[in-house]
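All residue numbers refer to positions in the sequence shown, counting from 1. Counting convention: from 1, in listed order, for ligands and their atoms alike.
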Amino acid sequence: MAEKIYCEICPRHCGLEAGQTGFCKARKNTGDRIEPVNYGRCTSASLDPIEKKPLARFYPGSRILSVGSFGCNLVCPFCQNYQISMAGDDMRTAMMPPELLAEKAAEYADRLPDPQGGDGHYSNLGVAFTYNEPLVGYEYVRDTAKLVHERGLLNVVVTNGLISREPLSELLPLIDAMNIDLKGIHSDYYDWVSGGLTGALDVVMDNIRIAHEAGCHVEITTLIVPGKNDSLEDMSVEAEWLASLSPDIPLHISRFFPRYNFTEAEPTSVKRIYELCDIAARFLRHVYPGNC
Ligand code: SF4
């Protein structure tokens with residue numbers, strides 16, 4: 001039997017024989033090592049407002065060159081981006097090597113005066129790695145982020161937070177801001193979105209704490225799925241835990257819309273989102289409704 005190589009990027013630790021691809025569909029045993037098959041392969045690119053990441057308190061009014069590839073290490077039945085997150089190697093992509101992306105980011109970057117007479121904002125802050133789960137393509141984020149920093153620009157990662165300690169620690173000095181999903185506050189809920197991976201909630205909570213303590217600007221998003229993670233009690237527990245790290249951590253509480261394999265629920269009611277925001281605001285200073 002061929003010897004397996006184990007991927008160390010996330011807690012799934014996929015053991016892959018030569019030619020096999022991991023759970024995330026983005027990493028493969030190519031013979032003597034595991035390589036990201038999505039390296040430099042872009043499925044989407046856009047110069048987005050920073051608020052769309054969402055980041056509400058990181059250079060507001062600025063834009064950021066946002067790119068995505070394919071693959072994800074979770075399997076949320078309600079994934080809002082499933083066309084790329086659930087795709088694999090056969091996905092149609094355009095090549096965007098790190099040098100080209102960093103160059104493009106620099107091309108678009110200009111500091112603009114603030115019409116209100118404040119500090120101003122940027123036509124492009126740098127690069128946001130987003131849309132699919134960027135950290136399953138860890139090497140691309142690392143290599144590009146170094147080049148972006150060399151040009152005096154900033155890096156943003158929008159992630160589900162399910163990454164192993166070592167790659168996260170290596171990446172953090174290169175990342176200026178993160179939006180991390182905290183999908184719910186119960187391990188049962190993480191069992192559902194991970195397809196039964198043990199301990200995912202603890203890993204995500206640990207990584208939020210580590211990123212915050214490392215001085216990275218961290219904002220959190222929780223997508224509220226009716227009947228699954230919409231209880232007021234759970235939001236109280238979540239917000240209280242975040243406040244134990246810092247009451248200044250911004251929390252985005254977002255509406256769900258039926259998608260992918262979970263279409264039986266109605267979109268989250270706007271009323272419920274505002275009720276949850278009110279609960280969270282008892283503990284946190286910056287709470288934002290999303291998709292309302
Ligand atoms: S990053 Fe992908 S291949 Fe690596 S352990 Fe996680 S799911 Fe498996």
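- R41 is linked by a salt bridge (charged side-chain N to carboxylate O under 4.0 Å, His left out) to D89, counting only residues two or more places apart in sequence or in another chain.
- At a cut-off of 2.8 Å, measuring from atom 6 (Fe) of ligand 1, the protein N, O or S atoms that fall short of it are C10 SG, waters left aside.
- Judged as a ring-ring contact (aromatic ring centres under 6.0 Å, His included), and not counting sequence neighbours, the contacts of Y82 are Y260.
- In terms of the side-chain hydrogen bond (donor to acceptor under 3.5 Å, both in side chains) criterion, Y190 has no residue partners (sequence neighbours excluded).
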Report task. Please assess D176 against H217 for the test side-chain hydrogen bond (donor to acceptor under 3.5 Å, both in side chains), listing each intermediate value before the final yes or no. Result -> CA-CA 6 Å; D176 303 285; H217 175 91; over 6 Å; no
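- Side-chain contact between R255 and V270 is present, with heavy atoms from C-beta onward closer than 4.5 Å.
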Query raised in the report: Run the side-chain hydrogen bond (donor to acceptor under 3.5 Å, both in side chains) check on N132 and N81 step by step: do they pass?
Result: CA-CA 7 Å; N132 69 313; N81 273 345; over 6 Å; no
